[in-house]
Amino acid sequence: MKGLDHVAILVSDLDAAIRLYRDVYGLELAEVEEVPSEKVRVAIFGHGSGRIELVSPSGPDSPMAKTIEKRGEGLHHVCLEVPDIEKAMAALKDQGAPLLDEKPRAGAGGARVAFVHPKGSRGVLVELRQGPRNA
Ligand code: CO
C-alpha cells in the first residue's frame with residue numbers, strides 16, 4: 001500500500017455539501033463526476049493524496065440512498081492507493097481479509113477499485129485504488 005488516497009464522505013445533498021467544503025472550508029473543488037455503475041455523483045476536493053471525496057446518491061434507487069436512510073450521512077470509506085490492485089487483493093485474501101469484490105471494478109476517475117468489509121478493518125470500509133490519479 002502506498003498510503004492514503006482519499007477519504008469519502010456520504011452526503012444526501014451534493015450541491016449543499018460542495019458549498020460547505022468549497023465556500024466554508026475553502027477547499028479547491030477539482031471535479032464533479034457521475035459514476036453510473038454505482039449510481040452516485042462524486043465531488044473531489046484537492047489533488048494527489050489526501051483528497052476528500054463527497055459521495056451522493058444519484059437517485060432514490062441508489063444503494064447509497066439506502067445507506068443514508070440506515071446510518072445517515074458521514075464518513076463512508078478510507079481509500080488506500082495500491083500499485084497493483086490484483087496483487088494487493090491476493091495478499092489481503094491470503095491473510096483472511098473479507099474482500100467485498102472478487103475482481104477490481106470501475107471507480108471514479110477511471111481507476112480500478114475494490115473494497116474490504118469494515119469487519120476486517122476495525123469498523124472502517126476500506127477501498128483499494130489503482131489508477132490514474134486525479135491530476
Ligand atoms: Co472512494
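Nothing here was measured: the structure is a model prediction, and the numbers come from that model. All ligand and atom numbering here is 1-based and tracks the order in the structure.
The nearest N, O or S atom of Asp5 is not closer to the Co ion (ligand 1) than 2.8 Å. Counting backbone and side-chain atoms alike, His76 contributes no N/O/S atom closer than 2.8 Å to the Co ion (ligand 1). His6 lies close to the Co ion (ligand 1), since one of its N, O or S atoms is found at a distance under 2.8 Å.
In this structure, Ser58 and Ser62 approach most closely via the heavy-atom pair N-CB, 4.1 Å.
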Give the intermediate values and the outcome of salt bridge (charged side-chain N to carboxylate O under 4.0 Å, His left out) for residues Arg112 and Glu86. CA-CA 10 Å; Arg112 296 161 69 225; Glu86 272 91 2; 2.4 Å; yes
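Looking at heavy atoms from C-beta onward, Val11 lies out of side-chain contact with Leu20 at the 4.5 angstrom threshold.
Nearest N/O/S atom of Glu127 relative to the Co ion (ligand 1): this is OE1. Glu53 contributes OE2 as its N, O or S atom closest to the Co ion (ligand 1).
Aromatic ring orientation, His6 versus His77: perpendicular (interplanar angle above 60°, classes split at 30° and 60°).
Side-chain atoms of Glu28 and His47 form a donor-acceptor pair, as typed in the model, at a separation below 3.5 Å.
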